[in-house]
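The residues of the chain are indexed from 1 along the displayed sequence.
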Amino acid sequence: GGVVIPFPAATKNPLSMFQNIFRLRALCEREKVDLIHARSRAPAWSAFFAAKQSDTPFVTTYHGSYSGSSSLKIFYNSIMARGDFVIANSHYTASLIEKLHPFASNQIHVVYRGTDLQRFSKEAIADERREALRKIWGVEPHCSIILLAARLTGWKGQRVLIKAARRLVERGLRDFVVVLAGDAQGRDAYVSELQAMIREFALE
């Protein structure tokens, strides 16, 4: 029953962000919006002021640690802690919010990310599908597959997994394949770094 309305939120241009306040307020009034939920910092700044102007409850989801330690960056990130209700995806994230943005301590609520584990059980996936993937990836039947499904960015752990693979090989384990499945999102330098690590550890 949801309706997707295209909106120019993917901008960090201050003028565009300012214009988005009024666009969003008008949208809230036209659609009789009951709640604004922001999940990204730049759009959240526009949403925060639109919520204030339209007297609409404002909720944010704080997904984890943000980069940057300067006072300006901390202030920019603080918008994710300015919701009437701030969702933290873990107790670690909640403690981080309290440390960086103590003003938000009474608004923080931990809500874990939802994953239907049954969808990923072996019983839920047909043997034919598994075998087809093995063929696409060129993985022999006797080899185990270690899958890291995450976008290619440093804090998702690709470096850690590559180092772990080296330790496994050093211990004599070789019947496994590592699959890093994720979008680089333009991080070509990071991809090159990972490829260099793989070559350095002779894990090709």
Side-chain angles (χ1 to χ4, degrees), residues 1-120 124 148-156 181-188 190-191:
V3 177
V4 176
I5 300 174
F7 192 87
T11 178
K12 292 184 180 180
N13 181 298
L15 179 59
S16 297
M17 289 168 65
F18 182 73
Q19 291 172 333
N20 278 345
I21 296 172
F22 303 99
R23 291 187 183 113
L24 191 54
R25 185 184 69 180
L27 179 64
C28 288
E29 293 172 352
R30 187 175 76 243
E31 298 293 329
K32 297 180 175 56
V33 169
D34 294 309
L35 177 76
I36 297 176
H37 182 183
R39 296 168 53 86
S40 186
R41 289 165 291 177
W45 279 105
S46 301
F48 173 76
F49 289 106
K52 292 291 184 186
Q53 291 181 8
S54 60
D55 197 27
T56 305
F58 180 58
V59 174
T60 59
T61 293
Y62 206 113
H63 295 283
S65 58
Y66 291 115
S67 61
S69 57
S70 69
S71 56
L72 182 62
K73 194 62 182 282
I74 290 173
F75 175 73
Y76 175 70
N77 296 342
S78 75
I79 190 59
M80 301 312 294
R82 297 182 185 276
D84 302 310
F85 190 102
V86 178
I87 298 172
N89 65 349
S90 68
H91 287 286
Y92 167 77
T93 301
S95 66
L96 196 66
I97 300 169
E98 287 184 328
K99 177 182 176 183
L100 294 173
H101 317 293
F103 62 84
S105 57
N106 293 330
Q107 277 71 46
I108 303 169
H109 305 270
V110 175
V111 180
Y112 297 114
R113 299 294 296 270
T115 301
D116 181 359
L117 298 180
Q118 290 302 314
R119 292 187 61 190
F120 298 95
L148 177 53
R151 67 180 183 274
L152 300 181
T153 183
W155 66 285
K156 290 293 187 179
D183 191 343
Q185 297 179 324
R187 299 183 185 91
D188 296 335
Y190 181 61
V191 173

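For the atom pair CD (E29) and OG1 (T56), the distance works out to 8.0 Å, reported to the nearest 0.5 Å. Within the model, atoms OH of Y190 and CD of Q185 stand 12.0 Å from one another, a figure rounded to the nearest 0.5 Å.
Every residue meeting the side-chain contact (heavy atoms from CB on, under 4.5 Å) condition with F85, not counting sequence neighbours, appears here in chain and number order: V59, I87, H109. Taking the ring-ring contact (aromatic ring centres under 6.0 Å, His included) definition, one finds that F75 meets it with W45, sequence neighbours left out. Not counting sequence neighbours, the partners of L72 by the side-chain contact (heavy atoms from CB on, under 4.5 Å) test are S70.
Residues I97 and I108 come closest through the heavy atom pair CG2-CD1, 3.5 Å. Among all heavy-atom pairs drawn from F58 and A38, the shortest one is CE1-CB, 3.7 Å. Residues A50 and I21 approach most closely at CB-O, 3.5 Å, considering heavy atoms. Between S105 and E98, the closest heavy-atom pair is CB-OE2, 4.0 Å. Across all non-hydrogen atoms, the minimal contact from Y62 to V86 is CB-CG1, 4.4 Å. Minimum interatomic distance between T93 and N89 (heavy atoms only, all atoms of both residues): OG1-OD1, 2.6 Å.
Here side-chain hydrogen bond (donor to acceptor under 3.5 Å, both in side chains) pairs that include residues 7-27, with residues two or more places apart or in two chains, are N20-R23, R25-Q53. Listed by first then second residue, pairs satisfying side-chain hydrogen bond (donor to acceptor under 3.5 Å, both in side chains) with a partner in residues 31-41 read H37-T61, R41-N77, not counting sequence neighbours. For residues 6-36, the set of pairs meeting the ring-ring contact (aromatic ring centres under 6.0 Å, His included) definition, not counting sequence neighbours, comprises F18-F22.
In F103, the CZ atom is crowded: over 12 heavy atoms of neighbouring residues, nucleotides or ligands sit closer than 6.0 Å. By the neighbour-count criterion of 12 heavy atoms within 6.0 Å, atom CG of D55 is sparsely surrounded, having that number or fewer from other residues, nucleotides or ligands. Shown here is Q118, whose CD atom has no more than 12 heavy atoms of other residues, nucleotides or ligands within 6.0 Å.
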Between Y112 and H91, does a side-chain contact (heavy atoms from CB on, under 4.5 Å) hold up when you go through it step by step? CA-CA 9 Å; Y112 297 114; H91 287 286; 3.2 Å; yes
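By the 4.5 Å heavy-atom criterion applied to side chains, L100 and Y66 are not counted as neighbours. Taking 4.5 Å as the limit, every side-chain heavy atom of R187 sits out of range of all side-chain heavy atoms of L152. Contact annotation: the side chain of R113 approaches that of H63 to within less than 4.5 Å [non-hydrogen atoms, C-beta and beyond]. Residues C28 and I36 form a side-chain contact, since some pair of their non-hydrogen atoms from C-beta on lies under 4.5 Å apart.
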